[in-house]
Amino acid sequence: MNALLRIGLVAVNELADSLRSRRVLVVMVLYMACAATGIYMFTNLLHRIETQLAEAMMIDVSKNTGSVTAALWESKPIRGLIVKLVGDRELAEQLFTFSPLTLFYAWLSLTFVPVLVMLTSSTRIAEEIWLGSVRFTAFRVSRLQWVIGKFLGQAAQTLGALLLSAIAAWLMGWFRIQAFDGAATAAGMLYFAFKAWIYALAFLGLALGISQVCS
């Protein structure tokens, strides 16, 4: 077998072993639940703010969560205010292409994905050395191939968790917001899930590095 095939086999076995771990499955389910709960709390707060704005402006209170926000999001004064708050017009214009719900999911993912990585990956190398199970692969692959395979397996697991959290967040948004652009929101959430995954790779490398040192 060549080196790439060995790395691939280690990665597949690592992913399978991780998914068989109850602790990892519980953490992934909790991460999905947190994403859905975060979207629920956001939409609940959004509805209250919209109600207060409607009452202050003496207009009919809409029962459709998100309708007032969608109108304000397209308002030039509001956009001008956000540009001033951001301090970068080009960045602000990019943010305007996404809905507030999508941006909240982006913040949620980028904030908590390091916690997910540390909880699921920080012991993966150390525990195999402690238990002695590494001896079954040590004479078949080099240390570098083994570590790279472990990294790729954990990276695939993290990507799966982020995609599942995006699905959970999208479903909650679809359930809670009447004026819901499903296709655009799904595309935006998948976009930020991938960005959060790239961001998480640095923390994954740190977690596996610490796991090697502590072994």
Side-chain angles (χ1 to χ4, degrees), residues 1-38 91 94 98 102-103 105-171 186-215:
M1 293 187 296
N2 57 35
L4 292 179
L5 182 56
R6 290 171 182 166
I7 292 173
L9 289 175
V10 173
V12 171
N13 289 331
E14 171 64 16
L15 180 60
D17 288 342
S18 295
L19 295 179
R20 282 196 295 265
S21 170
R22 291 183 179 180
R23 179 178 61 85
V24 171
L25 289 177
V26 167
V27 171
M28 291 179 67
V29 170
L30 285 175
Y31 188 74
M32 290 175 57
C34 288
T37 303
L91 175 60
Q94 292 179 355
F98 302 101
T102 302
L103 294 178
Y105 169 76
W107 171 83
L108 205 63
S109 298
L110 292 170
T111 301
F112 293 103
V113 73
V115 179
L116 171 69
V117 169
M118 291 301 174
L119 289 176
T120 57
S121 306
S122 59
T123 62
R124 288 303 301 162
I125 290 179
E127 66 185 6
E128 288 203 19
I129 295 177
W130 291 341
L131 295 174
S133 59
V134 66
R135 66 182 182 274
F136 297 109
T137 56
F139 64 91
R140 293 187 176 93
V141 298
S142 67
R143 174 186 285 268
L144 179 61
Q145 293 169 355
W146 183 61
V147 171
I148 293 176
K150 300 281 277 187
F151 178 87
L152 293 178
Q154 288 297 311
Q157 172 189 288
T158 303
L159 179 60
L162 284 167
L163 292 177
L164 290 174
S165 73
I167 293 173
W170 185 91
L171 289 173
M189 286 184 173
L190 290 176
Y191 171 78
F192 282 112
F194 183 74
K195 276 189 169 293
W197 179 67
I198 297 296
Y199 172 66
L201 294 180
F203 292 92
L204 178 58
L206 176 63
L208 294 181
I210 294 173
S211 186
Q212 292 181 72
V213 172
C214 294
S215 61

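- Between Phe151 and Gly205, the shortest heavy-atom distance links the atoms CE1-N, 3.7 Å.
- Smallest separation of non-hydrogen atoms from Asn2 and Leu5: OD1-N, 2.8 Å.
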*For Trp197 and Ser109, what are the C-alpha separation, side-chain angles and deciding distance, and is it a side-chain contact (heavy atoms from CB on, under 4.5 Å)?*
CA-CA 9 Å; Trp197 179 67; Ser109 298; over 6 Å; no
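- Taking both residues in full, the closest heavy atoms of Gly153 and Leu15 are given as O-CD1, 3.8 Å, listed atom of the first, atom of the second, then distance.
- The structure places CG of Leu103 at 12.5 Å from CG of Leu108, a figure rounded to the nearest 0.5 Å.
- The distance from the CD1 atom of Ile148 to the CZ atom of Arg6 is 13.0 Å, given to the nearest 0.5 Å.
- For the salt bridge (charged side-chain N to carboxylate O under 4.0 Å, His left out) test, no residue two or more places apart in sequence or in another chain qualifies with Arg143.
- Applying the side-chain hydrogen bond (donor to acceptor under 3.5 Å, both in side chains) definition to pairs two or more places apart or across chains, those involving residues 112-121 are Thr120-Gln157, Ser121-Gln154.
- Contact between Ala166 and Ala193 at its shortest, heavy atoms only, is CB-CB, 4.4 Å.
- Glu14 and Gly149 make their closest contact through CB-O, 4.4 Å (heavy atoms, listed as atom of the first residue, atom of the second, distance).
- A 4.5 Å side-chain heavy-atom check between Leu208 and Val147 finds every atom pair outside the cut-off.
- Residue Leu206 holds its CG atom at 12.5 Å from CG of Leu201, rounded to the nearest 0.5 Å.
- The shortest non-hydrogen separation linking Ala207 to Met118 is CB-SD, 3.7 Å.
- The CZ atom of Phe194 sits 7.5 Å away from atom CG of Leu159, with the distance rounded to the nearest 0.5 Å.
- Using a 30° and 60° split on the angle between ring planes, Phe98 and Tyr191 fall in the parallel class, below 30°.
- From Ser142, atom OG reaches atom CD1 of Ile7 across 7.0 Å, with rounding to the nearest 0.5 Å.
- Residue Phe203 forms a side-chain contact (heavy atoms from CB on, under 4.5 Å) with just one option from Thr158, Val117, Leu116, and that option is Val117.
- In this structure, Met32 and Ile167 have side chains that are not in contact, with every pair of non-hydrogen atoms separated by 4.5 Å or more.
- By the 4.5 Å heavy-atom criterion applied to side chains, Trp170 and Leu190 are not counted as neighbours.
- Ser211 places a side-chain N or O within donor-acceptor distance of the main-chain N or O of Ser122, the cut-off being under 3.5 Å.
- For the atom pair NZ (Lys195) and CG (Leu162), the distance works out to 13.5 Å, reported to the nearest 0.5 Å.
- Taking 4.5 Å as the limit, some side-chain heavy atom of Phe192 sits within range of a side-chain heavy atom of Thr102.
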*Does the pair Tyr31 and Val115 meet the rule for a side-chain contact (heavy atoms from CB on, under 4.5 Å), with working shown?*
CA-CA 10 Å; Tyr31 188 74; Val115 179; over 6 Å; no
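- At least one side-chain heavy atom of Lys150 sits under 4.5 Å from a side-chain heavy atom of Trp146.
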